[in-house]
Amino acid sequence: MNNNDKDNIQNKMKLQFSNRSENESFARVAVAAFIAPLDPTVEELTEIKTAVSEAVSNAIIHAYGENENEMVTVECLIEKDRRVVIIVTDNGIGIEDVELAREPLYTSKPDEERSGMGFTVMESFMDKLEVESTPGVGTRVIMIKKLDLAYEF
Amino acid sequence: MNNNDKDNIQNKMKLQFSNRSENESFARVAVAAFIAPLDPTVEELTEIKTAVSEAVSNAIIHAYGENENEMVTVECLIEKDRRVVIIVTDNGIGIEDVELAREPLYTSKPDEERSGMGFTVMESFMDKLEVESTPGVGTRVIMIKKLDLAYEF
Amino acid sequence: MQIEFEMTDDIMIVNLDGELDHHYSSVIREEIDKTIDTFHTKHLIFNFEKVSFMDSSGIGVIMGRYNKISQLGGKLLITGCSEYIDRILEMAGIYTIATRMKNVADSIALIEGDNIEKGAKSENEQ
Amino acid sequence: MQIEFEMTDDIMIVNLDGELDHHYSSVIREEIDKTIDTFHTKHLIFNFEKVSFMDSSGIGVIMGRYNKISQLGGKLLITGCSEYIDRILEMAGIYTIATRMKNVADSIALIEGDNIEKGAKSENEQ
Ligand SMILES: Nc1ncnc2c1ncn2[C@@H]1O[C@H](COP(=O)(O)OP(=O)(O)O)[C@@H](O)[C@H]1O
Ligand SMILES: Nc1ncnc2c1ncn2[C@@H]1O[C@H](COP(=O)(O)OP(=O)(O)O)[C@@H](O)[C@H]1O
């Protein structure tokens with residue numbers, strides 16, 4: 001991150017929590033509360049909460065298996081011009097073939113009734129989705145959404 | 001923290017955010033969402049949110065002055081037997097005389113209409129309050145509350 | 001997330017209430033399957049009217065129930081979705097296997113109308 | 001946090017709505033002081049009925065307004081507090097400088113009753 005990026009950032013937070021599925025709802029509520037001062041529309045808020053839920057669930061389901069001692073990280077940056085950047089990171093098993101993983105309906109866990117639509121939902125609900133992953137090291141999902149201008153009365 | 005403590009912990013999270021007053025509400029919503037699976041009473045939730053608000057406001061007002069580049073940390077541990085531990089940490093100016101600071105109505109900022117009741121409220125709303133502070137290094141506020149048993153139907 | 005079942009003949013209405021994510025999906029799944037088995041349900045109506053949040057875990061729940069119900073020759077109907085739950089279901093192609101309905105009453109009518117039609121047909125065939 | 005003012009003679013009712021913390025307290029403070037000055041308010045009634053959250057920042061807001069109002073010989077009344085806001089105000093001894101009232105109507109009656117009494121008295125003295 002260069003200095004230029006730093007000047008861009010207006011507010012930021014970083015959240016780390018145990019790898020437990022009950023924290024999925026915690027993560028999306030926390031992100032929603034963090035961006036609340038931007039006064040997002042209900043639609044924007046729902047889209048962001050859904051995308052966060054997808055990325056965090058993936059870390060919990062795929063990255064670490066059932067190991068509850070591991071931690072999931074969610075960062076949120078509010079940049080100039082109402083740009084919201086959300087970064088979800090795990091130090092789990094990683095993804096061998098990111099391109100394949102991002103394909104709609106691809107899942108490595110059909111037996112657990114995963115639909116393979118997680119990345120597709122993130123992509124559709126956010127403006128931009130980047131997935132960086134190294135097998136055995138971990139996965140980082142970066143999502144960006146520019147909020148509409150709030151109406152000032 | 002020894003191994004015994006570690007086994008006690010059922011769920012934990014760590015939250016870091018910019019030293020901005022709009023994050024006060026974010027911090028208390030996040031803590032409330034984190035402990036929601038314990039099904040606390042409305043009263044317990046209100047008391048915890050108020051205590052978090054006091055500790056976080058103190059970091060923002062007293063520890064760093066107006067420097068928004070600094071970060072405030074809130075940790076929350078859920079331990080066995082519904083014990084909730086909340087730790088608010090800053091790397092700010094610290095407190096010279098903790099005993100004096102904890103006295104009801106003592107404030108170093110009466111001109112900003114601070115009431116000096118922050119620590120008193122934390123103490124009254126939580127079961128236990130510990131304040132560790134080193135001038136020039138920072139302050140750590142540890143608050144503990146044991147939630148009542150939830151009724152199971 | 002809360003779940004409530006209503007039975008009408010061989011139709012089961014699944015009323016979901018709250019947030020449907022990965023955390024709750026396994027419980028929801030089990031509850032529905034158990035109830036299908038107990039009541040020998042043929043058709044399933046998912047009522048999403050009170051679902052305030054859903055991510056792609058909901059797709060898996062619906063797909064899995066479709067597989068179960070369709071083996072028994074039953075139908076799967078979905079009603080009460082908010083705009084964005086609809087978008088998620090559409091993305092996954094759920095409406096190619098399940099019918100989207102306006103409300104529960106219409107859903108029941110469709111299934112029972114079908115039954116009558118089929119009955120009439122088989123009568124005609126006699 | 002939203003704020004709304006109602007005027008009745010020299011009484012100003014401050015209706016607060018939302019969460020009163022350090023972040024909002026400075027705006028709230030300014031708004032109230034500006035409005036007191038503009039309308040030459042003498043008495044102040046704080047209505048907390050719609051305040052869903054308050055921490056000790058609220059104490060500072062009330063204390064500061066008391067200092068301003070009492071210089072003008074006015075009274076400060078507080079109404080509509082939830083149980084735990086009451087606990088915070090009690091801890092700080094706010095009810096030694098302000099009167100806790102059941103509702104806004106009673107608060108106005110108390111202030112106006114005072115005025116009448118005083119008026120009657122001065123008539124007697126003549
Ligand atoms: N954080 C992660 N760590 C390891 N593998 C992952 C992670 N996220 C996604 N994957 C892989 O990518 C696949 C596709 O993910 P996704 O589109 O979210 O669908 P689903 O979660 O329903 O399987 C997953 O099945 C999994 O194999
Ligand atoms: N995190 C902190 N860093 C530095 N000083 C602090 C911190 N928290 C509290 N203090 C000191 O302790 C005093 C009392 O705090 P408190 O009881 O919360 O009252 P208030 O915030 O209204 O002043 C403060 O006025 C300040 O001087």
Side-chain angles (χ1 to χ4, degrees), chain B residues 17-29 31-32 41-64 66 68 72 88 101-126 143, chain D residues 1-3 14 16-34 36 44 46 48 50-71 76 78 80-98:
Chain B
F17 49 88
S18 309
N19 183 47
R20 296 166 64 100
S21 63
E22 71 208 71
N23 292 334
E24 290 157 11
S25 113
F26 161 61
R28 53 184 191 260
V29 171
V31 170
T41 64
V42 175
E43 201 186 10
E44 287 167 338
L45 210 53
T46 303
E47 289 169 337
I48 289 174
K49 283 170 82 170
T50 309
V52 168
S53 200
E54 297 293 353
V56 168
S57 301
N58 273 355
I60 290 171
I61 299 164
H62 301 296
Y64 295 127
E66 305 285 302
E68 295 184 349
V72 179
V88 179
R102 289 180 66 155
E103 269 179 24
L105 300 172
Y106 171 81
T107 180
S108 55
K109 293 208 189 266
D111 42 317
E112 289 182 22
E113 296 197 348
R114 299 305 301 164
S115 64
M117 291 300 289
F119 282 131
T120 310
V121 167
M122 292 180 237
E123 208 157 341
S124 145
F125 281 7
M126 303 293 281
M143 300 183 281
Chain D
M1 178 102 250
Q2 292 192 313
I3 184 165
V14 182
L16 298 169
D17 188 341
E19 312 208 327
L20 177 49
D21 61 7
H22 159 249
H23 178 64
Y24 286 106
S25 61
S26 53
V27 181
I28 293 303
R29 193 161 66 202
E30 269 173 41
E31 289 269 322
I32 297 176
D33 284 355
K34 210 174 60 193
I36 290 176
L44 211 58
F46 272 105
F48 275 86
K50 292 188 178 162
V51 177
S52 52
F53 177 87
M54 190 193 88
D55 64 18
S56 72
S57 311
I59 301 170
V61 172
I62 296 173
M63 294 255 224
R65 280 353 95 216
Y66 171 77
N67 291 340
K68 195 173 168 84
I69 280 290
S70 61
Q71 277 170 4
L76 185 65
I78 298 175
C81 292
S82 67
E83 194 198 335
Y84 81 96
I85 292 182
D86 246 356
R87 268 167 67 195
I88 295 174
L89 296 183
E90 252 166 29
M91 258 181 245
I94 287 291
Y95 292 130
T96 62
I97 57 169

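Here is the naming used below: chain letters follow the sequence lines, and residue numbers restart at 1 for every chain.
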Taking ring pair (Phe, Tyr, Trp, His ring centres under 6.0 Å) as the definition, give me every residue that meets it alongside B:F17, ordered by chain and number, with sequence neighbours left out. B:F26

List for me each residue that meets side chain to side chain contact (heavy atoms under 4.5 Å, CB included) alongside D:V14, sequence neighbours excluded, and say none if there are none. D:I3, D:F5, D:M12, D:L16, D:I32, D:L44, D:F46

What are the atom names and distances for all donor-acceptor pairs below 3.5 Å between chain D and chain B?
unit_1: D:E19; atom_1: OE1; unit_2: B:R28; atom_2: NH2; d: 2.7
unit_1: D:D21; atom_1: OD2; unit_2: B:R28; atom_2: NH1; d: 2.9
unit_1: D:D21; atom_1: OD2; unit_2: B:R28; atom_2: NH2; d: 3.1
unit_1: D:H22; atom_1: ND1; unit_2: B:E24; atom_2: OE2; d: 2.5
unit_1: D:H23; atom_1: N; unit_2: B:E24; atom_2: OE1; d: 3.0
unit_1: D:H23; atom_1: ND1; unit_2: B:S21; atom_2: OG; d: 2.6
unit_1: D:H23; atom_1: ND1; unit_2: B:E22; atom_2: N; d: 3.3
unit_1: D:R29; atom_1: NH1; unit_2: B:E112; atom_2: O; d: 3.2
unit_1: D:D55; atom_1: OD2; unit_2: B:S53; atom_2: OG; d: 2.7
unit_1: D:S56; atom_1: N; unit_2: B:E54; atom_2: OE2; d: 2.6
unit_1: D:S56; atom_1: OG; unit_2: B:E54; atom_2: OE1; d: 2.7
unit_1: D:S56; atom_1: OG; unit_2: B:E54; atom_2: OE2; d: 3.1
unit_1: D:S57; atom_1: OG; unit_2: B:R114; atom_2: NH1; d: 3.3
unit_1: D:R65; atom_1: NH2; unit_2: B:E113; atom_2: OE1; d: 2.5
unit_1: D:R65; atom_1: NH2; unit_2: B:E113; atom_2: OE2; d: 2.7
unit_1: D:R87; atom_1: NH1; unit_2: B:E43; atom_2: OE2; d: 3.4
unit_1: D:R87; atom_1: NH1; unit_2: B:E47; atom_2: OE2; d: 2.9
unit_1: D:R87; atom_1: NH2; unit_2: B:E47; atom_2: OE2; d: 3.1

Check: D:I88 and B:M117 side chains under 4.5 Å, non-hydrogen atoms: no

